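One is the number of the first residue; the rest follow in order along the sequence. Ligands are counted one by one from 1 in listed order, and the atoms in each one are counted from 1 as well. Every value quoted in this text rests on a predicted model; they were computed, and no experiment measured them.
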Amino acid sequence: MRQATLPWEGVAKLNPILQKASWMESGDIRPYVFVRPENSIANPGARHQLDWFIHEPIYKNPLSLDELPFAEHIYDIEGKAFGPSNMAMPRWVFYDCSVVPGFVAGFACRTSKLPAAFRAILPERPGCEWTPLSLFIIIPSMHKGEWVAHNLCTINSLVKDKSDQLYGLGFLSKAFGLWYANVEQCTGFTQWGSPALKLHSHFGYLEVVGAYAPVHSHAETITYRANISTACWEKFFTREEDMAFLENYEPTEIMIDPREQKSMIDLQRKIERHEGPFYLNASEIAGKDLSEKLTIYRPKKIF
Ligand SMILES: CC(C)(COP(=O)(O)OP(=O)(O)OC[C@H]1O[C@@H](n2cnc3c(N)ncnc32)[C@H](O)[C@@H]1OP(=O)(O)O)[C@@H](O)C(=O)NCCC(=O)NCCS
């Protein structure tokens, strides 16, 4: 069933929250969906009430030979963003684990309108009307309603001067993908101390389901799960304290020190002994430097 009015049909006014991300307004930067036709989402945006994405997405088919330059741009951004941490995505991973089972979402800029700072990073590719600036890869899992966030990166991380960045590009790329695909629950992973944690913690209360992952190539990886709720998304921009979180969750004495592996292993053991569930506080993460210790929270007991 298709919802009556899609947000990009007739909506002209940008939510005031997105004033910090005014680059969304003109239409020269638009969301994109890179998905094979069989995987296309039936009722995009039907689950979460949100009026942020005012322009119709650009649709691309990753299996079409004509779209190879678009895919090559994605590889460029991804390779440069993850190269330094030795996690650049091999091409077969993109194919086998991303575009065949799931899809890629993000924002793309009309190539003729690319700012000089971005043009300097991306090689010229003739025939590309739109150039991707970010990517969020998400894959459905065997657990009904749960999707796995596999990759998130943006061109912002490759631009030295902050004034050349598009504020919120990473956050909004993930927000768009979750909203578009009606994602109910999202599991993902990142490294403790990563700036990405500041983004991931704002899509729904973030439960730590794994605090240490030696099976991963980077053992100091947090695995998280969030029940997606747009109620807390705008706090990424406003930096408002989430009173509902504080009313329902309390700090424990457990801290994660991103520089101390033992703190991760200790929490992992507690999770395995079913002493949780354990959560992170988005407001606390937003206010801290990446190397600072993070408090672990748990649901308050209701008497
Ligand atoms: C992490 C990443 C996706 C963030 O995307 P982005 O487009 O730079 O970030 P956004 O514009 O959406 O959000 C900006 C906010 O993110 C946080 N942030 C982004 N980069 C940061 C950094 N290097 N250090 C600290 N905070 C950072 C800040 O909270 C910032 O807001 P503020 O300046 O008001 O404090 C991007 O930096 C990236 O691609 N990094 C390399 C790949 C990577 O590590 N991906 C995450 C794997 S899960």
[X]: numbered ligand 1 atoms lying under 4.0 Å from its heavy atoms:
X: Phe236; value: 13 (O), 15 (C)
X: Phe171; value: 12 (O)
X: Cys153; value: 39 (O), 42 (C)
X: Phe82; value: 42 (C), 43 (C), 45 (N), 47 (C)
X: Phe189; value: 48 (S)
X: His200; value: 48 (S)

Handout entry: Arg125 and Asp76 ion-paired at < 4.0 Å
Key = yes

Would you kindly specify which portion of [X] sits under 4.0 Å from ligand 1, judged on non-hydrogen atoms: side chain, backbone, both or neither?
X: Leu290; answer: side chain
X: Phe107; answer: neither
X: Lys162; answer: side chain
X: Asn151; answer: neither
X: Asn156; answer: side chain

Practice task
Check Ile271 against Ala211 and note the closest heavy-atom contact, atom names and distance.
Solution key: CD1-N, 4.1 Å

Handout entry: Interatomic spacing from CG in Leu122 to CG in Leu158 - rounded to 0.5 Å
Key = 8.0 Å

Please write down residue, atom name and distance for the protein heavy atom closest to [atom].
atom: atom 28 (C) of ligand 1; answer: Lys198 CD, 3.9 Å
atom: atom 4 (C) of ligand 1; answer: Leu199 CD2, 3.8 Å
atom: atom 45 (N) of ligand 1; answer: Leu152 O, 2.9 Å
atom: atom 48 (S) of ligand 1; answer: Thr190 OG1, 3.3 Å

Exercise for the section: Keeping the roles fixed (side chain from Lys174, backbone from His200), state whether a donor-acceptor pair exists under 3.5 Å. Expected result: no

Exercise for the section: Can you tell me which residue pairs pass the salt bridge (charged side-chain N to carboxylate O under 4.0 Å, His left out) test with a partner in residues 189-199, sequence neighbours excluded? Expected result: none

Exercise for the section: Could you tell me whether ligand 1 has any atom less than 4.0 Å away from a heavy atom of Gln165? Expected result: no

Practice task
Examine ligand 1 and decide if any of its atoms is less than 4.0 Å from a heavy atom belonging to Gln191.
Solution key: no

Practice task
Compare Pro84, Ser157, Gly83 and give the one whose heavy atom is closest to atom 37 (O) of ligand 1.
Solution key: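 Considering heavy atoms of Pro84, Ser157, Gly83, the nearest to atom 37 (O) of ligand 1 sits in Ser157.
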
Problem - Proximity winner for atom 23 (N) of ligand 1, if only heavy atoms of Ala196, Ala286, Pro195, Ser194 are counted - result: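 It is Pro195 that holds the nearest heavy atom.
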
Handout entry: Backbone or side-chain N or O of Lys20 under 3.5 Å from ligand 1 N or O
Key = no

Practice task
Consider every N or O of Gly170 and every N or O of ligand 1, then say whether any pair is closer than 3.5 Å.
Solution key: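 N/O-N/O distance below 3.5 Å exists for this pair.
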
Handout entry: Of Ile138, Ile139, Ile137, the residue whose pairing with Phe103 passes side-chain contact (heavy atoms from CB on, under 4.5 Å)
Key =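 The residue from Ile138, Ile139, Ile137 that satisfies side-chain contact (heavy atoms from CB on, under 4.5 Å) with Phe103 turns out to be Ile138.
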
Exercise for the section: Return the orientation label for the Phe171 and Phe203 ring planes: parallel under 30°, perpendicular over 60°, tilted otherwise. Expected result: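 Correct class here is parallel.
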
Practice task
Could you tell me whether atom 2 (C) of ligand 1 has at least one protein heavy atom nearer than 4.0 Å?
Solution key: no

Practice task
Run through Phe136, Tyr32, Trp23, Phe118 and flag the one making a ring-ring contact (aromatic ring centres under 6.0 Å, His included) with Phe107.
Solution key: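 Running ring-ring contact (aromatic ring centres under 6.0 Å, His included) over Phe136, Tyr32, Trp23, Phe118 with Phe107 returns exactly one hit, Trp23.
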
